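Notes for the one structure printed next.
Quick caveat, the model's predicted, so the values are computed rather than measured. Quick note on labels: first sequence line is chain A, next is B, and so on, each numbered from 1.
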Protein chains: 2
Amino acid sequence: MPAQNRPSSSGRSLEHPDRAEIRLEGVLHALSDPMRLQIVCDLAAVEGELNCSVFDLPVSKSTTTHHFRVLRESGVVRQIYRGTAKLNALRRDDLEALFPGLLGAVLTAAGHQASRLGVPS
Amino acid sequence: MPAQNRPSSSGRSLEHPDRAEIRLEGVLHALSDPMRLQIVCDLAAVEGELNCSVFDLPVSKSTTTHHFRVLRESGVVRQIYRGTAKLNALRRDDLEALFPGLLGAVLTAAGHQASRLGVPS
DNA sequence: CAGTTCGTACGATAGCCCTCGTAGTACGAG
DNA sequence: CTCGTACTACGAGGGCTATCGTACGAACTG
């Protein structure tokens, strides 16, 4: 639907690292937190952009904001405002260009580990 | 070569996590430190076991010991004593079985980043 | 405008982690 | 046995980080 031009990209803007600024250690550190790893997995599962609030994390709102900031500043996700919500998307292209296969390997590993540690569903 | 039976595995033993105990977050955290990432890269480059002291790290000996312990306790490396020295080897098999492709992707990424950030040699 | 929803900013706390120096243990050589 | 080498253990300091609560701002709905 082309009618969906961004009604409000709003004045608010967020700082993202340039592709060349992304550091491997930063990405690994960002992914080494269980909370953030889960966020990335969820994000990868839907192949699209997700509102911050759809994640059912067992932490407060402030903490959630903090984790999203870490992911954004390390170059793992891209965030844009859309009205009152903030959309999140994996930076697949950039990560694949810089560290080929890394994101896929991590996601696969997380999946394997989840089933290995017993996820009934 | 069968002639190389271990002359002194010595009484000292070190605790290693079982393969099933290795956690992805732990591995990622271990690799997210520049010092440890370099150790792993060096270790991968020689395809064999390396004495702790061959690494020329810009930190004190105590700190080096600390990093090797983190790598061992997270399941990334295996360490054995041999006389006064301690040999280190990557746990390639275990990591590949648990997280296929992960180690390779990280090593490749580290290599790419090193050349991207300008390593003359 | 008033109200609601969504996310941020700030301050505070507690815990972890990297670093170090010093002292100590294990092993091999002389 | 004595010495040197290789690594560890312990304690401490300084910084980062995960967490929270509360107060605030920005945008849509009426």
Side-chain angles (χ1 to χ4, degrees), chain A residues 4-16 23 25-40 43 49-74 76-89, chain B residues 6-16 23 25-40 43 49-74 76-89:
Chain A
Q4 204 224 355
N5 54 5
R6 30 222 63 72
S8 56
S9 295
S10 303
R12 290 186 285 179
S13 64
L14 293 162
E15 292 206 352
H16 290 80
R23 302 279 275 111
E25 302 91 320
V27 172
L28 293 176
H29 174 246
L31 297 177
S32 71
D33 182 280
M35 215 71 69
R36 292 193 289 259
L37 185 57
Q38 184 182 333
I39 291 175
V40 170
L43 226 38
E49 301 178 320
L50 280 186
N51 188 316
C52 274
S53 52
V54 307
F55 299 93
D56 195 22
L57 301 176
V59 292
S60 74
K61 247 186 331 178
S62 321
T63 306
T64 302
T65 296
H66 162 71
H67 285 310
F68 273 106
R69 186 205 314 249
V70 173
L71 286 172
R72 172 170 47 86
E73 293 183 341
S74 66
V76 177
V77 306
R78 192 176 294 281
Q79 304 183 291
I80 56 166
Y81 283 108
R82 164 116 172 281
T84 72
K86 192 167 68 171
L87 298 184
N88 301 273
Chain B
R6 28 221 62 71
S8 57
S9 295
S10 303
R12 289 186 284 180
S13 64
L14 293 162
E15 291 205 354
H16 290 80
R23 303 279 274 111
E25 302 90 320
V27 172
L28 293 177
H29 174 245
L31 297 177
S32 71
D33 183 279
M35 214 72 67
R36 293 193 290 260
L37 185 56
Q38 183 182 332
I39 291 176
V40 170
L43 225 38
E49 301 177 321
L50 281 185
N51 188 315
C52 273
S53 52
V54 308
F55 297 93
D56 195 23
L57 301 175
V59 291
S60 74
K61 245 183 333 177
S62 320
T63 305
T64 302
T65 296
H66 161 72
H67 285 310
F68 274 106
R69 186 205 316 245
V70 173
L71 287 171
R72 187 188 72 233
E73 292 182 343
S74 66
V76 177
V77 306
R78 193 174 293 282
Q79 304 184 292
I80 57 166
Y81 283 107
R82 163 114 172 280
T84 72
K86 193 168 67 171
L87 298 184
N88 301 272

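- In this structure, CD on B/E73 lies 8.0 Å from CD on B/E15, to the nearest 0.5 angstrom.
- Distance NE2/A/H16 to CZ/A/R72: 5.5 Å, rounded to 0.5 Å.
- When each of A/L43, A/D33, A/I39 is tested with A/L71 by the rule side-chain contact (heavy atoms from CB on, under 4.5 Å), just one qualifies, namely A/I39.
- Rounded to a whole Å, the CG atom of B/L87 is 15 Å from the C1' atom of D/dT5.
- Protein atom CZ of A/R69 is 16 Å distant from nucleotide atom P of D/dC20, rounded to whole Å.
- With rounding to whole Å, B/E15 atom CD is found 14 Å from D/dT8 atom P.
- Here the P atom of nucleotide D/dC7 and the CZ atom of B/R72 are 13 Å apart, to the nearest Å.
- Contact record, A/E49 with A/I80: OE2-CD1, 4.2 Å, taken as the closest heavy-atom pair.
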- [ ] Sugar-phosphate atoms are those with a prime plus P, OP1 and OP2; base atoms are the rest. Using that split, label each nucleotide of nucleotides 13-22 of chain C B, S or - for protein heavy atoms under 4.0 Å, 5' to 3'.
- [x] ----SSBBBB
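- Rounded to whole angstrom, the span from the OH atom of B/Y81 across to the P atom of C/dA26 amounts to 10 Å.
- Once rounded to the nearest 0.5 Å, the distance linking CG of B/L57 with OG1 of B/T64 reads 5.0 Å.
- Checking B/T65 against B/S62 by side-chain atom types alone, no donor-acceptor pair falls below 3.5 Å.
- Look at A/N51 and you won't find any side-chain N or O under 4.0 angstrom from OP1 or OP2 of C/dT5.
- Separating the CD atom of A/Q79 from the C1' atom of C/dC6 is a distance of 13 Å, rounded to the nearest angstrom.
- Between the CD atom of A/E73 and the C1' atom of D/dT17 there is a distance of 13 Å, rounded to whole Å.
- Put simply, CZ on B/R82 is 10 Å from P on C/dG28, counting in whole angstrom units.
- One finds no side-chain N or O of B/T84 lying less than 4.0 angstrom from the OP1 or OP2 phosphate oxygen of D/dC7.
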